[in-house]
Structures are given as structure tokens and as C-alpha cells.
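Let me begin by presenting the structure, written as C-alpha cells, before commenting on it.
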2 protein chains.
Amino acid sequence: MSATRVKLSDVARDAGVSPATVSRAIAQPDLLSPKTLAKVRASAQRLGYLPDGAARALASGRSMTIGAIVPTLDSAIFARALQAMQARLAQSGYLLLVASHEGSPAAETQAVRALLGRGVDGLMLVGAERATETTALLEAAGLPVVLTWCGDGRFTAVTIDNARAGRLAAEHLIGLGHRRIGMIAGHLQFNDRQRARLAGARRALAEAGLDLPDSLVVEQALTLAGGRAGCAMLLELDTPPTALIGGIDLFAIGCLEEAHARGMIVPDDLSVVGIDGLDMSAHVSPGLTTVHVPTGRIGNLAAQTLLAMVARQPVEPETLLPVELVVRRSSQAAAG
Amino acid sequence: MSATRVKLSDVARDAGVSPATVSRAIAQPDLLSPKTLAKVRASAQRLGYLPDGAARALASGRSMTIGAIVPTLDSAIFARALQAMQARLAQSGYLLLVASHEGSPAAETQAVRALLGRGVDGLMLVGAERATETTALLEAAGLPVVLTWCGDGRFTAVTIDNARAGRLAAEHLIGLGHRRIGMIAGHLQFNDRQRARLAGARRALAEAGLDLPDSLVVEQALTLAGGRAGCAMLLELDTPPTALIGGIDLFAIGCLEEAHARGMIVPDDLSVVGIDGLDMSAHVSPGLTTVHVPTGRIGNLAAQTLLAMVARQPVEPETLLPVELVVRRSSQAAAG
DNA sequence: AGCCTTGCTGAAAGCGCTTTCATAGTAGCG
DNA sequence: CGCTACTATGAAAGCGCTTTCAGCAAGGCT
């Protein structure tokens with residue numbers, strides 16, 4: 001074990017200055033004369049001084065920490081967004097405190113409470129739908145909050161147009177002549193992203209005079225296996241769809257799998273379109289047609305926005321990032 | 001914005017008790033009489049009191065926060081491990097502070113410094129190889145540290161036998177009659193996991209009287225594209241290998257891709273084996289033979305171990321988790 | 001030359017909580 | 001019953017830092 005930790009006053013004594021000066025050497029170096037600064041830095045260096053974050057946070061009111069609450073870290077999507085956030089935050093000396101709620105609003109509330117208690121300087125959340133208690137907590141705390149993927153018009157947000165993503169997927173399929181299109185969506189409970197994607201697809205179909213009956217929509221857990229299962233259900237219908245939209249790429253990849261297992265050829269026997277634009281989607285076979293979502297940018301921008309808010313700079317209330325259809329081999333013109 | 005935050009003393013006044021009592025109501029409820037406890041809780045509830053973590057950390061010396069430093073969050077492997085950690089920690093009221101170093105030892109040092117500064121109660125790191133400065137920092141701090149994937153005999157560790165993973169992959173291929181086996185490894189610089197896997201494979205080959213010349217080993221960035229590129233290089237050799245080992249599943253999946261793009265049939269023309277056991281690997285086509293690594297368990301156990309260490313309970317200096325060969329369709333007996 | 005800036009540093013008061021230490025009841029015991 | 005031994009609470013001293021608020025030099029100005 002170490003000797004008692006070196007503290008600011010030790011550095012001050014060593015450098016022959018007051019604690020205030022050492023503090024300034026760390027936080028506002030330009031207030032000091034070059035000579036003093038050098039002296040303090042030398043002492044700090046030599047003693048191996050590491051400021052105590054808790055004390056700094058308590059005294060200054062800022063923890064240099066940003067919180068992020070996602071449904072799960074175990075998802076290529078959120079992992080990428082968090083990596084991007086973390087990278088951006090690190091540049092500014094901030095650290096990321098993460099929590100996940102696994103799709104439970106109550107767990108999200110708990111997470112917000114925990115992060116707020118830890119004194120995060122800002123908070124990133126996914127989606128706009130949550131327990132009213134959570135929102136109340138957030139508002140009472142009055143700290144910078146950035147919503148991602150979906151906004152609610154109240155909190156600052158970095159979003160994508162999920163409905164448009166659904167629409168693009170559907171329109172692509174409609175354009176290819178498909179008339180009977182199915183969709184596998186994530187559980188719509190507490191998942192506004194999936195709801196919006198489904199609604200967008202449904203809307204596009206309706207505008208084309210097509211219907212998206214409940215029988216052609218299945219809700220599944222957000223996993224590859226969920227995609228397979230959903231695909232299986234849809235393909236076993238009396239009149240199965242000729243094309244499928246996956247609410248996330250993972251679903252679509254599951255569809256590819258399931259179709260393959262059934263001896264069906266994608267895209268000859270079934271067209272499949274995903275939404276997300278995972279790296280993996282370009283590499284499955286056949287390459288997955290998907291609506292690309294700039295996941296990394298969402299994370300980066302969320303971090304940037306939070307940082308700006310912490311610094312009391314003005315920010316866009318809502319930044320809408322573009323989604324884009326990427327056509328690959330998993331979709332083609334409907335037979336006949 | 002909110003009114004000034006409710007603090008402990010407000011609750012104390014409201015409940016008609018001393019601050020000490022309120023503090024105890026939070027941290028050591030059984031020290032209070034049921035009556036007092038109820039009174040305090042009621043006040044806290046009504047006022048919406050949320051303890052200030054920074055103040056608690058400063059006064060108590062514990063931040064209820066565990067740090068984790070991984071190469072990147074944007075990897076199915078680390079994402080899963082972190083999710084498992086986070087879930088376990090949350091159960092005990094701890095939060096996860098994450099940082100990534102993107103393969104840079106210097107960045108890792110910085111991250112350690114940042115996390116130590118934030119007063120984490122414990123730290124999870126990946127691998128055993130790091131800048132001596134980092135190790136010095138860790139030792140000086142004298143806080144619970146758990147290494148994952150690889151241990152170094154000094155710090156507590158939750159590991160897998162990476163060499164064995166490489167060996168299992170190689171032996172499987174050797175057993176199938178392959179004589180010319182190539183390997184795609186991650187950059188070996190600052191990556192002891194990859195080095196061990198390569199060494200294990202090489203050892204197995206040597207024991208079978210086979211050679212793994214440098215020409216059959218390529219180092220690539222840890223991405224799917226890296227796997228493809230590595231595969232391409234190996235296949236373009238004058239006498240290309242008949243089987244490939246991917247240092248991570250992503251590489252192996254890249255190989256599947258690349259082989260497919262070249263019109264080669266896996267496993268007829270080329271056998272491919274990965275190491276990791278990604279979910280995705282069961283779903284690519286052909287299904288990937290891989291050495292499964294219990295990634296989630298690593299995270300869970302790392303969390304559990306850290307929690308035990310924080311509580312000053314004795315822990316295993318090193319827990320070795322099993323790896324296991326999972327044979328799927330991407331590997332078969334060598335032709336002729 | 002006297003006065004006012006401007007620039008740099010120090011003194012000291014907290015930030016909101018935990019934690020000895022001390023105290024006052026309360027019960028148990030011979 | 002008087003004494004010990006708890007138990008439940010309060011008083012107060014920090015935890016290590018930041019941040020006004022002053023103060024003192026050293027110039028710049030008229």
C-alpha cells in the first residue's frame with residue numbers, strides 16, 4: 001500500500017507557495033507568473049501529486065464527469081456511440097460514467113438517480129420516452145441533458161429521423177415492386193426508436209396504397225436470434241411476405257440466416273432490408289441493404305453538445321442527423 | 001433551473017434530528033431506532049433529497065465507483081464484458097467509469113491517472129502489458145486492481161488461457177489434416193492476448209512438426225476489414241495456406257468474406273477458425289468454427305472480484321476461465 | 001511625484017458529507 | 001437500588017480542494 005497520498009498542501013509547502021497558488025496552477029495556469037507556475041509544476045511532478053477529484057468536485061461544483069444511460073452496452077450501436085462520446089469527452093478532460101437499464105424504465109430512473117448523485121456535469125440518455133419520475137428528476141436537477149436518437153422537444157437532442165428510416169426502407173421495397181412487406185420490430189414498449197421506424201414504414205406503405213396488417217409485424221427482443229425467430233414467424237404465414245424490414249440490422253441479419261436455413265435464396269425468394277448500418281451488414285452474405293444511421297456521430301455530437309452546455313455556450317436545441325439508404329444485394333425486384 | 005439542491009442538513013432540520021443521524025440513516029440504518037429512521041426517511045423522501053456523491057466520497061474516502069479501461073468500447077468483446085461488469089456493479093450500488101486507450105500505452109497511462117484522480121474504488125484493466133509508469137501509478141495508489149484476459153502474477157486477475165485458445169484452434173486444424181496453416185493476428189504491439197494466441201498456435205504446430213513461418217502470419221488492425229485484408233495477403237502467397245486462424249472472430253469472419261469474394265468455398269477450399277466466440281459467429285455462413293471465450297463471465301467476475309477487494313474480502317489471485325473449441329461448418333478436413 | 005491600474009499571490013471560508021467522541025437515556029445485573 | 005453496559009443521538013472536526021476577498025508590487029498616468 002502507498003504512503004498517505006500527496007495532497008495539494010504538500011505541494012504548496014514543497015514549492016513554498018500557498019495552497020491557493022497550487023490550485024490555480026492546476027485550474028487557471030495563466031493567472032500565475034511563469035516562474036511560480038514552473039516552481040509549482042516541478043514540485044507537483046516530483047511529489048507525484050494527483051488532485052483528488054472528489055474534493056475538487058465538492059469545492060468547485062463540477063465533477064468533470066458526464067453520465068450516459070443506454071439500454072445496454074452490449075450492442076454494436078450503443079457501444080459505438082459510447083466509444084465516440086468517450087473519445088470526445090476525454091479530449092476535454094472529461095470521463096464517462098455509464099449505466100444501462102436493459103429496457104426497464106424503473107431501472108432508468110434508478111440510473112438517473114445514481115448518476116445525479118455522483119454529480120455528473122451532464123447526462124446523455126437514449127430516446128425521449130421515460131418514466132415521468134425520471135423526467136422530473138432531470139428537470140429538478142437542472143443539469144445539461146442530451147437526448148439521443150429521439151428528441152422530445154423539451155430537452156436538447158441529437159437525433160435521427162427514425163420514421164424516415166422506416167420510410168426509406170419501405171419505399172425502397174415498394175419501389176422494387178414488393179406488395180406484401182413484413183416488419184420485425186423491437187419490443188415497442190419503452191422504445192420510441194422502434195415505434196417510429198415502424199410508423200414510418202407503415203406510413204410509406206399506406207401512401208402506396210398498401211397495408212401493414214398486425215399479422216405482418218412481429219415484435220422481438222433486440223438480438224440476432226430475435227430476428228431469426230421473427231423471420232420464421234413471418235415466413236410461416238399462409239401468404240408470407242416477399243420482403244422484410246428489420247427494425248435493426250441485427251434482425252435483418254437474423255432474417256438472412258433464417259431464410260438461408262430454410263433453403264430460401266435472398267434476394268431471389270425474399271428481400272431483406274435493415275436499419276442501422278452496422279459494419280457487419282456490409283460483410284454478411286448477401287450484403288445487407290440497410291438504412292445507415294451515423295451512430296458514431298450521434299455519440300460524438302452528444303458529447304460535444306454536452307460539453308458546450310456545461311460551458312454555458314448556446315447549443316442547437318435539436319440536431320437532426322441524416323439517415324441514408326444503402327442498397328446492397330439483399331433486396332431486389334419482386335418476382336413476377 | 002432548480003432551486004438550490006436539498007442537502008443533508010435540510011433533511012436533518014426537517015426531521016428534527018442532527019445531520020449525523022441523517023447520515024446514518026443513509027449509510028448505517030440499523031444504528032438508528034426504527035422510529036427515527038422512519039422520520040428521517042420520510043423527510044428525505046418529501047424533500048427529494050439526493051446525497052452529494054462528491055461530498056460523500058471526500059468524507060468517506062469511497063466513491064462507489066469502479067473504473068474500467070479497455071482498448072475500445074467499440075468492440076463486441078469489450079462491450080459485452082463491460083455490460084456484464086456494469087450490471088454486477090449496479091447490483092451493489094456501484095457505477096462504472098470507463099475510458100479507452102485505443103491501443104496506446106500512453107493513453108492508458110493517462111486514463112489511469114484520470115480514473116485515479118476521480119477516486120475510483122477499484123480498477124479493471126485489460127491485459128498485463130503496460131507502460132511501467134502505469135504500473136507504478138497503480139502500485140502507488142494501492143487500490144484494488146483486476147487485470148482481465150491476461151494476468152501478470154502481481155495483480156489480481158480474471159483470465160483465460162490465450163495460448164491454449166490459439167493451440168485449440170491450431171490443433172483442430174492439424175487434426176483435420178491441414179499442414180499449411182496461416183494466422184491473422186492483431187497488432188502484437190501492446191497486445192499480449194494476441195501474442196499469446198499466436199504463440200499457442202505456433203507451439204501446437206511445432207509439436208506437430210509443422211512450421212508457422214513469418215510469411216504465414218500477418219498482423220492487422222482488429223477489424224473485419226483487417227481480417228479481409230489479412231486473408232487476401234495470405235491467399236496471394238505462392239503456396240497459400242489451406243487453413244486460416246483468426247486471432248479474433250472478426251478476422252475469421254473477414255476471411256469468410258474475402259474467400260467468398262474470391263469465389264472460394266469455405267470450407268472446401270479453405271478452412272477458417274476464429275477465437276472469441278462472438279454471437280455473430282454462429283450466424284455467419286458458413287457457421288464459424290471458433291474457440292469460445294466466456295467474455296461476459298470475465299466482466300462479471302472482474303466486477304465481483306473488485307467488489308470483494310473493496311470490501312477487503314480475500315479473493316483468488318487469479319481466476320482462469322475455460323476456453324472451448326466450438327466446431328461449426330467453416331472448417332473441414334484438408335483436401336487430398 | 002502621487003495616484004490608479006494591473007498582475008500576482010495569500011488568507012480563510014466553505015463545499016456537503018462522514019465519523020470519531022462524548023453524552024444521555026435505558027436496561028441488565030448482583 | 002447502585003453500577004455497568006449498551007443503545008441511540010448529537011457536537012464538532014475535518015475530508016482536500018476552490019474561490020472570493022484582500023493586499024502588495026510594479027508600472028503607467030497626469
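Values below: all heavy atoms of this structure, side chains included; hydrogens, waters and symmetry mates excluded. Throughout, protein chains are lettered first and strands after them, A, B, ... in sequence-line order, and every chain is numbered starting at 1.
- Whole-Å rounding puts the B:Lys35 NZ to C:dG25 P distance at 14 Å.
- Checked by atom type, the side-chain pair A:Gln86/B:Ser100 shows a donor-acceptor distance below 3.5 Å.
- With A:Leu147 as the fixed residue, the side chain to side chain contact (heavy atoms under 4.5 Å, CB included) test singles out one of A:Thr156, A:Asp192, A:Asp152: A:Asp152.
- Atom P of nucleotide D:dG10 and atom NZ of B:Lys39 are separated by 8 Å, given to the nearest angstrom.
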Pairs of donor and acceptor atoms involving the side chains of residues 11-18 of chain A, under 3.5 Å and at least two apart or interchain, shall be tabulated with distances.
from    : atom 1 : to      : atom 2 : distance (Å)
A:Arg13 : NH2    : A:Asp10 : OD1    : 3.3
A:Asp14 : OD1    : A:Arg46 : NH1    : 3.3
A:Asp14 : OD2    : A:Ser43 : OG     : 2.5
A:Asp14 : OD2    : A:Arg46 : NH2    : 2.9
A:Ser18 : OG     : A:Ala20 : N      : 3.4
A:Ser18 : OG     : A:Thr21 : N      : 3.3
A:Ser18 : OG     : A:Thr21 : OG1    : 3.2

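- Atom P of nucleotide D:dT9 and atom CG of B:Asp30 are separated by 12 Å, given to the nearest angstrom.
- Ring geometry, B:Trp149 versus B:Phe78: the interplanar angle exceeds 60°, so the pair is classed perpendicular (tilted spans 30 to 60°).
- Atom CG in B:Leu89 sits 10.0 Å away from atom CE in B:Met64 (nearest 0.5 Å).
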Heavy-atom protein contacts under 4.0 Å, nucleotides 12-20 of chain C, coded B base, S sugar-phosphate only, - none: --BBBBBBB
